[in-house]
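Beneath this line is the structure, given in C-alpha cells, with notes to follow.
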Amino acid sequence: MPKENIMNIYYDENMPYAAQMFAGMGNLYPFAGRTLAADSLIDADVLLVRSITQVNEALLANSPNIKFVGTATIGFDHIDRDYLTSRNITFTSAPGCNATSVAEYVLSSLVVLAERYQFSLLTKTVGIIGAGNTGTRLSEKLDALGITYKLYDPFLAESVEDNRVFSTLDEVLACDVVSLHVPKTLDGDHPTFHLLNEQRLESFREDQILINACRGEVIDNQALLHLKQKGHSLTLVMDVWENEPNVLTELIAFCDIATAHIAGYSLEGKARGTEMLYQAVCQCIDKPVENFLVDYLPKPAIGHIELQQEFDEITLNQLVKMVYDVRRDDGIFRQQLASHGFDYIRKTYPVRREFSAITVTQTNNVNGTQVYQLGFTQQ
Ligand SMILES: NC(=O)C1=CN([C@@H]2O[C@H](COP(=O)(O)OP(=O)(O)OC[C@H]3O[C@@H](n4cnc5c(N)ncnc54)[C@H](O)[C@@H]3O)[C@@H](O)[C@H]2O)C=CC1
Ligand SMILES: O=C(O)C(=O)[C@H](O)COP(=O)(O)O
C-alpha cells in the first residue's frame, strides 16, 4: 500500500462518517454504489463498498494498485472473494455491525403484528433460521422478554464450542413465527438459495408468520406470490426481495409489513460498518486507530424514558413503537416505491436509533429506581 496521505480511497457515499473517519488518510472519493464503473477506479488503492456494488474482475481488472477492499455490511455475497484472493487483495467485511438493528426490526414487527391481530407474544414460539450474530441478537431479546424460540443452524449445531440447543429445520419451520437470518449461499452442504422453495412454502400453516430480513433469494418470491394468490393467509414481513432493486411488486400487497431492505439501517448499525472498515484499513497500513464512532454519534431524539408502571406487554408495545415503529418504513415503502424507486428510499432513510441509545428508568415502591436498557436487560 502507498504511504498514508497519498492513498486513493474510494468509498460508498452511503457510509455514515466515512469522510470524518478517513480524513487525513489520503484522497477521498465518494461514489454512488449502484453505478460505480470500472474506469473510475483506475488509480484506487482502497475500495470501500456496501451491498449494492458487485466487486469482481469486471470492476477491478483495470485497477492495478488496489490492495484493500472492504464492505461495510454483514453480508458479502456481492464480493467475488476468490478473485480478490487471486489478486492478493486484502478483504474485510463488517460482521455483526447491524445485527442489533435487524433484531430490533424483527421485534418491532412482532409488536406491531401482536397489536394488529390481538395476540400475546408470550403465547408464540419463534423459529430462528441461522443462529449467527443476528439470530443470536434476536434470541437474546426474546429471552429477555420471556418469549420462547427454537434455533436451526446446521453449521453451529456441529460446533463443539456452541452449546445451545438446536432443532431440526422442520421443527423450526413449524413454529408460530419463522424468522430468517442466513447468508445467501449457492453451494456447500446447506445452500440457502430458495431454502424456502415452493414445497416448503406450501407446508406453512395459515396462522404462521414469516419474516425475511436476510436476503431476498432465500425465499422463492414467485412461489410465495402464487401461494398468496391462492388465498393462503400466512402473515408476511418482507424487508428483502429477490432481484433488488427490481422487486416483485405484486407481492407487496400480500405483505403485512413490507420495507426496502432497511432492517439493518439504524444509524449505529450503518456507522459501525464504517468504523470496522476504518479499523481494518488502519491495521493494514499499521496506523494507530484515532477515530471512534462514539465521538460522532449525535444524541438520540428521545434519550430517556421513565416508566410509571411495571414492565409488561403493554409497556413493551409503547416503548418499542416510541423508539422504532416499523410501520413508518412500511408506509414509506408503499408510498414511494413506484414514484421514487427502491434505492431512493434506502438512500434517504430517516435517522433511526437503536434501543440501546435510550435509557429507561422505572421507579417503584418496592425496588426504588431501576435502570433498563431497551434491549430489555436490567442493568
Ligand atoms: N436486511 C438487512 O438489512 C440485513 C440483512 N443481513 C443478512 O443477514 C444475514 C445473516 O446475518 P448474521 O446473522 O449477522 O450473519 P452470521 O454470519 O453471523 O450468521 C449467519 C448464520 O447462518 C448460518 N447458516 C448458513 N447457512 C445456513 C442454513 N442453510 N441453514 C441455517 N443456518 C445457516 C451460519 O452457520 C451462521 O451461523 C447476512 O448474511 C446478510 O445477508 C444482515 C444485515 C442486515
Ligand atoms: O449488512 C448487510 O448485510 C445488509 O444487508 C445491509 O443492511 C445492506 O445495506 P446496503 O449495503 O445495501 O446499504
Side-chain angles (χ1 to χ4, degrees), residues 11-16 18 32-34 48-55 70-79 93-106 109 127-140 150-159 161-162 164 166-170 172-173 178-196 200 211-218 237-241 244-245 259-274 276-277 326 329 342-343 345-349 352:
Y11 67 96
D12 188 302
E13 62 189 4
N14 198 17
M15 282 176 56
R34 190 76 74 186
L48 308 173
V49 299
R50 297 193 59 91
S51 81
I52 57 173
T53 303
Q54 298 295 320
V55 180
T71 182
T73 59
I74 292 179
F76 46 77
D77 45 279
H78 52 294
I79 310 284
S93 62
C97 64
N98 52 27
T100 297
S101 177
V102 177
E104 293 180 356
Y105 172 95
V106 174
S109 300
I128 299 175
I129 298 187
N133 285 308
T134 309
T136 300
R137 234 40 83 71
L138 175 60
S139 72
E140 288 165 355
K150 293 182 180 175
L151 301 172
Y152 170 70
D153 191 319
F155 296 103
L156 294 181
E158 280 178 13
S159 159
E161 279 150 34
D162 198 324
R164 291 177 292 181
F166 289 94
S167 303
T168 64
L169 180 57
D170 285 343
V172 169
L173 286 173
V178 174
S179 196
L180 300 170
H181 300 288
V182 291
K184 173 182 153 191
T185 53
L186 302 175
D187 43 32
D189 288 343
H190 303 280
T192 61
F193 180 82
H194 286 189
L195 178 68
L196 296 195
R200 290 208 174 102
I211 303 176
N212 191 5
C214 63
R215 283 292 179 268
E217 291 76 10
V218 177
V237 176
M238 297 276 283
D239 178 55
V240 288
W241 310 80
E244 293 172 10
T259 49
H261 193 156
I262 50 66
Y265 265 22
S266 68
L267 178 60
E268 287 87 345
K270 282 173 83 172
R272 247 183 242 121
T274 312
M276 289 168 83
L277 295 193
V326 69
D329 294 337
F342 197 83
D343 284 345
I345 297 170
R346 306 188 76 222
K347 202 168 163 181
T348 57
Y349 190 68
R352 160 184 156 205

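Order of listing sets the numbers, starting from 1, for every ligand and every atom in it.
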TODO: Can you sort out which atoms of ligand 2 are near Gly75, meaning under 4.0 Å from one of its heavy atoms?
DONE: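 Heavy-atom distances to Gly75 below 4.0 Å select 1 (O), 2 (C), 3 (O).
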- [ ] Would you mind running through ligand 2 and noting each atom that sits below 4.0 Å from a heavy atom of Arg215?
- [x]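 The list of qualifying atoms is 2 (C), 3 (O), 4 (C), 5 (O).
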For ligand 1, is any non-hydrogen atom under 4.0 Å from [X]'s backbone (N, CA, C, O), its side chain (CB onward), both, or neither?
X: Val240; result: side chain
X: Val102; result: side chain
X: Tyr152; result: both
X: Thr192; result: side chain

Open item on the list: For the residue pair Ser139 / Arg164, report whether a side-chain donor-acceptor contact shorter than 3.5 Å exists.
Closed with: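 No - no donor-acceptor pair under 3.5 Å links their side chains.
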Task: Close N or O approach (Tyr265, ligand 2; < 3.5 Å) - done: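 Yes, at least one N or O pair falls under 3.5 Å.
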Task: Heteroatom distance test (Cys97, ligand 2): nitrogen or oxygen, under 3.5 angstrom - done: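 By distance alone, the answer is no.
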[X] side chain vs [Y] backbone, donor-acceptor pair below 3.5 Å:
X: Asn98; Y: Ser101; result: no
X: Thr192; Y: Pro183; result: yes
X: Arg200; Y: Leu195; result: yes
X: Thr136; Y: Ala131; result: yes
X: Arg352; Y: Ile262; result: yes

Open item on the list: Check this for me - ligand 1, Lys184, N or O atoms closer than 3.5 angstrom, yes or no?
Closed with: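 No; the residue has no nitrogen or oxygen that sits under 3.5 Å from a nitrogen or oxygen of the ligand.
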- [ ] Return a yes/no value for Ala213: is any of its N or O atoms, backbone included, closer than 3.5 angstrom to an N or O of ligand 1?
- [x]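 Yes, Ala213 has an N/O under 3.5 Å of an N/O on ligand 1.
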Report the nearest protein non-hydrogen atom to [atom]: residue, atom name, distance rounded to 0.1 Å.
atom: atom 34 (C) of ligand 1; answer: Asp153 OD2, 3.4 Å
atom: atom 12 (O) of ligand 2; answer: Ser51 OG, 2.5 Å
atom: atom 7 (O) of ligand 2; answer: Asn98 ND2, 3.5 Å
atom: atom 1 (O) of ligand 2; answer: Ile74 N, 2.7 Å
atom: atom 8 (O) of ligand 1; answer: Cys214 CB, 3.5 Å
atom: atom 9 (C) of ligand 1; answer: Val182 O, 3.4 Å
atom: atom 13 (O) of ligand 1; answer: Thr134 N, 2.9 Å
atom: atom 31 (C) of ligand 1; answer: Pro154 CD, 3.3 Å
atom: atom 1 (N) of ligand 1; answer: Asp239 OD2, 2.9 Å

Proximal candidate to [atom] [heavy atom criterion; set [options]]:
atom: atom 9 (O) of ligand 2; options: His261, Arg346, Lys347; answer: Arg346
atom: atom 29 (N) of ligand 1; options: His261, His190, Glu217, Arg215; answer: His190
atom: atom 22 (O) of ligand 1; options: Pro183, Gly132, Gly264, Pro191; answer: Pro183
atom: atom 15 (O) of ligand 1; options: Thr73, Ile74, Leu151; answer: Ile74
atom: atom 18 (O) of ligand 1; options: Thr100, Asn133, Val106, Ile128; answer: Asn133
atom: atom 24 (N) of ligand 1; options: Phe155, Phe166, Phe76, Phe193; answer: Phe155

TODO: Check the pair Asp12 / Arg50 against salt bridge (charged side-chain N to carboxylate O under 4.0 Å, His left out), numbers first and verdict last.
DONE: CA-CA 7 Å; Asp12 188 302; Arg50 297 193 59 91; 5.5 Å; no
Using heavy atoms and a 4.0 Å limit, tell me yes or no: is [X] in contact with ligand 1?
X: Asn98; result: yes
X: Gly96; result: no
X: Pro95; result: no
X: Leu195; result: no

Open item on the list: Applying ring-ring contact (aromatic ring centres under 6.0 Å, His included), can you list everything that pairs with Phe155, at least two apart in sequence or on another chain?
Closed with: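 Phe155 satisfies ring-ring contact (aromatic ring centres under 6.0 Å, His included) with His190 once adjacent residues are dropped.
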- [ ] Just jot down the ligand 1 atoms closer than 4.0 angstrom to any heavy atom of Leu156, in number order.
- [x]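 So the atoms of ligand 1 that pass are 37 (O).
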Task: Heavy-atom protein neighbour under 4.0 angstrom from atom 11 (O) of ligand 1 - done: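 Yes.
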Open item on the list: I'd like to know whether Ser109 forms a side chain to side chain contact (heavy atoms under 4.5 Å, CB included) with Tyr105, so could you lay out the CA-CA distance, the side-chain angles of the two residues, the decisive distance to 0.1 Å, and finally the verdict.
Closed with: CA-CA 6 Å; Ser109 300; Tyr105 172 95; 3.9 Å; yes
TODO: Would you please test Leu196 and Leu180 for side chain to side chain contact (heavy atoms under 4.5 Å, CB included) and show each step?
DONE: CA-CA 10 Å; Leu196 296 195; Leu180 300 170; 4.1 Å; yes
Task: Contact check, side chains of Glu268 and Thr100, non-hydrogen atoms, under 4.5 Å - done: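 Not touching, per the 4.5 Å side-chain cut-off.
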Task: Contact check, side chains of Ile79 and Val49, non-hydrogen atoms, under 4.5 Å - done: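 With C-beta onward as the side chain, the pair touches.
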- [ ] Can you see which heavy atom on Arg215 is nearest to which on Ser51, and at what distance?
- [x]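 The pair with the smallest heavy-atom distance is NH2-CB, 4.2 Å.
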From [X] atom [atom1] to [Y] atom [atom2], the distance as rounded to the nearest 0.5 Å:
X: His78; Y: Thr53; atom1: NE2; atom2: OG1; value: 7.0 Å
X: Met238; Y: His261; atom1: CE; atom2: NE2; value: 12.5 Å
X: Leu186; Y: His194; atom1: CG; atom2: NE2; value: 10.0 Å

- [ ] Check the pair Val237 / Thr259 against side chain to side chain contact (heavy atoms under 4.5 Å, CB included), numbers first and verdict last.
- [x] CA-CA 8 Å; Val237 176; Thr259 49; over 6 Å; no
- [ ] May I ask you to identify, for Val240, whether its side chain, its backbone, both or neither come under 4.0 Å of ligand 2 on a heavy-atom basis?
- [x]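 Val240 to ligand 2: no contact under 4.0 Å from either part.
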Open item on the list: Below 4.0 Å from ligand 2: does a non-hydrogen atom of Lys270 turn up there or not?
Closed with: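 Outside the 4.0 Å threshold, so no.
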- [ ] Take every heavy atom of Phe76, measure it against each atom of ligand 2, and state whether any distance is under 4.0 Å.
- [x]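 The answer is no, since Phe76 has no heavy atom less than 4.0 Å from ligand 2.
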- [ ] Check whether NZ of the Lys or CZ of the Arg Lys270 lies under 6.0 Å from the centre of the six-membered ring of Tyr265 and within 45 degrees of that ring's axis.
- [x]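 Flagged: Lys270 positioned over aromatic ring of Tyr265.
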TODO: With side chain to side chain contact (heavy atoms under 4.5 Å, CB included) as the test, would you mind laying out the steps for Asp329 and Tyr349 before giving the verdict?
DONE: CA-CA 9 Å; Asp329 294 337; Tyr349 190 68; 2.6 Å; yes
